Number of protein chains: 2
Amino acid sequence: MGGRTSKRSVTIRDVAERAQVSISTVSHAFSGVRPISRATRDRVFSAAAELGYDANPSARSLRTGRSGLVGLVLRPRYAVAHTRDRAETFNRLVGSVATEMLRRKVGLIHVPALDDPAVASVPMDGCIVAHPYGGDSVVSELLRRNVPLVTIEEDPERPDLPWAVRLDYTTAVTGLLDHLHHQGAGRIVLLTGSEDNAWNRRTRETHRDWCERNGQRARTELLSESLSAGSAATRVRRLLTAARRPDAVVVATSDFAAVVAGVAGDLGLRVPEDLMIAALTDSEHSRLATPPITAMDLSHEQLAAAGVELMLARLAGAATPHAPVVVDPELRFRASTRRIDGSP
Amino acid sequence: MGGRTSKRSVTIRDVAERAQVSISTVSHAFSGVRPISRATRDRVFSAAAELGYDANPSARSLRTGRSGLVGLVLRPRYAVAHTRDRAETFNRLVGSVATEMLRRKVGLIHVPALDDPAVASVPMDGCIVAHPYGGDSVVSELLRRNVPLVTIEEDPERPDLPWAVRLDYTTAVTGLLDHLHHQGAGRIVLLTGSEDNAWNRRTRETHRDWCERNGQRARTELLSESLSAGSAATRVRRLLTAARRPDAVVVATSDFAAVVAGVAGDLGLRVPEDLMIAALTDSEHSRLATPPITAMDLSHEQLAAAGVELMLARLAGAATPHAPVVVDPELRFRASTRRIDGSP
DNA sequence: CTGAAAGCGCTAACAA
DNA sequence: TTGTTAGCGCTTTCAG
């Protein structure tokens, strides 16, 4: 039934008519680009207010070539994987970027699917890609389209992309391994992930270099992020019951670090006395484990803030930086690696 | 220097020229709206591919009147307040909405500032407002603009807005109070928040009704969400050292619930024996407190999923629902209210 | 200080 | 099966 109000929205033309001026005057009254007499301005504004006028953003963008929006893409693994651990990482990063953008009053747009041409094009002036893979296809696509790009964490295959924020894994992971060593670890094993991104690559490299410098053989095992907790537990059990079992494990994801703690408990291994455990990302899994697990916090908030700042600078026409912005991961030492009283 | 490739992007016109067809053929080839001969299609597509053509989203939206984007507004308190507790809530909600939208391949856009006319207009087909205030101004503005609106939690002053998802506080809070009562609480005090939203309003109402039914005087104190932990502690200390101190407190925010636990400890009150504590929202504060604090989880993920679904239904032309979608908060019983062994 | 008019890139009649 | 063309609502010359 009945007479719903017409949905056709009011345009600059309606305002012009009502204020008895030309459309260009209306436009200028709002943009302030050229001087308008006091009286005219007032007429325009009140006409606009009475009519409930709002500029059509698409028309404006079409004309100016800019939308005032920044896109955000998080590589799929997060959105797909649904463990609590991954969600926390995803939420923290998305939340931080959103908060930061809100603070600066710039619209943020989650790009749904750059690969699907049907929904591929969103009106964005630039795009932030977080945690790209090596030779990332989204990065390639954006470069091809000439969309101003900032990456949060570098694409490991494109270390020379200067518009990037990166984490200094070398310092942090070295610090962690030194700590384990200092606490008496003799046989450290790294359980690395299978995702081909900076996080896995750089932490592996740092571990390898550290072992080399300390005259140890770099023992590494793959523990894919796609594993279920159960399968992970099986693999960990095998590792911990093997002949020369490690006395310290560094696990990429914190949910699997918690799995290690659980398996250790089952096997009667005391943490940290018999086995030390550390994670390369922090989450509630590591904080709530018994004992709480030492972890490297990836400083998502700082990554987000730096990424947003870089993007806005880029859009404002800043000069190309010489090198990526560096953010430090933060080591959170907890009971799982504290053998010596009073140590960090 | 010099000679950077022209940034002017390739348009439908360029593709038409290269493929030796008209622009409408190009348009139709992509939209599939009308049949195109196999040969022509191929020519168009390869021309497009060679040129690197992508449709201009603003031009399309201007023409069609739809952008394919959904807006999201979270009322300011979250973005402004920066305690860990609030950030967790914000992140969880934003993250859940984003995940849900990504899953459905619809673009999501964080609306920066609806009040600021300079940046007010973003191209959205509809808008989700989460946790509106009573008589919320953003809701008013959106209604005025005729933007299809879905609220996550109802605007308490507009309980009749049917496009909404709401939490059933009555059941959950009654359950919580019954639980406290069953565990032997005699003097329950509600520490409510000052934000005027459904959460505070409904939980207060439910508490009042429950007390009435149980022949108790409804004791309520205001503990503003804007307080620092220190000021909150001062007020809580006053409450707990007063003449007839409560033997159970229900605190709105979980960070202040943790503050209560801290103060209780200082005063030598045992939890839960001397004092039971519960929170009306869950977060790491409640989970990590000693002892862990019973809390009502606000089911943000479900709220988000339901809100997104409702919005997409609305945009797809679904009939106006008769009533809001109802989501249940989930009670998480923990040691802070567990006096009797074997109880939930 | 103000107006007229071109045109951003696209879709959808309308024609053929 | 394909082409021509009129706008969508705005900004921005170019004239006055």
Side-chain angles (χ1 to χ4, degrees), chain A residues 6-45 47-48 51-68 117-125 145, chain B residues 6-45 47-48 51-68 117-125 145:
Chain A
S6 159
K7 282 243 174 110
R8 191 191 145 279
S9 50
V10 7
T11 79
I12 207 175
R13 207 152 233 116
D14 305 317
V15 178
E17 191 172 342
R18 183 161 236 257
Q20 306 272 44
V21 294
S22 72
I23 60 165
S24 78
T25 298
V26 176
S27 175
H28 285 118
F30 279 103
S31 68
V33 165
R34 80 184 180 190
I36 305 275
S37 80
R38 184 54 203 253
T40 321
R41 259 176 61 97
D42 289 352
R43 276 217 318 294
V44 169
F45 284 158
L51 263 36
Y53 167 75
D54 311 284
N56 178 320
S58 300
R60 175 176 295 174
S61 307
L62 174 57
R63 186 58 232 239
T64 62
R66 278 165 301 97
S67 66
V119 292
S121 46
V122 294
M124 56 187 175
D125 296 344
R145 290 199 203 170
Chain B
S6 160
K7 281 244 173 112
R8 189 189 146 282
S9 49
V10 7
T11 79
I12 206 174
R13 206 151 234 115
D14 305 317
V15 178
E17 191 171 343
R18 183 161 236 255
Q20 305 273 44
V21 294
S22 73
I23 59 166
S24 76
T25 299
V26 176
S27 175
H28 286 117
F30 279 103
S31 67
V33 165
R34 78 182 183 193
I36 305 276
S37 81
R38 185 51 205 257
T40 318
R41 261 178 59 98
D42 290 352
R43 275 217 318 292
V44 170
F45 284 156
L51 294 169
Y53 167 75
D54 311 284
N56 178 321
S58 301
R60 174 177 300 180
S61 306
L62 175 58
R63 187 58 235 241
T64 61
R66 279 165 301 99
S67 65
V119 293
S121 45
V122 294
M124 55 186 175
D125 296 343
R145 289 199 203 171

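This structure is a prediction, so every number in the text was calculated from the model and none was measured. Below, read A as the first sequence line, B as the second, and so on, with proteins coming before strands; counting in each chain starts at 1.
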For atom CG of D14(A) and atom P of dG9(D), their distance in whole Å:
9 Å
Nearest 0.5 Å please: distance from the OG atom of S27(A) over to the CD1 atom of I36(A).
9.0 Å
Taken to the nearest whole Å, CD/E17(A) to C1'/dA4(C) is 16 Å
T25(A) and S22(A): side-chain donor and acceptor closer than 3.5 Å?
yes
Name the nucleic acid region contacted by S61(A), choosing base, sugar-phosphate or nothing; use a 4.0 angstrom heavy-atom cut-off, strictly under.
nothing
On the nucleotide dG3(C), are OP1 or OP2 found under 4.0 Å from the side-chain N or O atoms that T25(A) carries?
yes
Find the distance between CD1 (I12(A)) and CD (E17(A)) and round it off to the nearest 0.5 Å.
13.0 Å
Roughly how many Å is it from CD1 in I36(A) to C1' in dC1(C), rounded to a whole number?
8 Å
Only one of P123(A), S61(A), S67(A) passes side-chain contact (heavy atoms from CB on, under 4.5 Å) with P123(B); say which it is.
P123(A)
Take T11(A) and N56(A), measure what side chain to side chain contact (heavy atoms under 4.5 Å, CB included) needs, and give me the verdict at the end.
CA-CA 8 Å; T11(A) 79; N56(A) 178 320; over 6 Å; no
What string of B, S and - do you get for nucleotides 9-16 of chain C, 5' to 3', when a contact is any protein heavy atom under 4.0 Å?
BBBB-B--
OG on S9(B) to CZ on R145(A), rounded to 0.5 Å:
11.0 Å
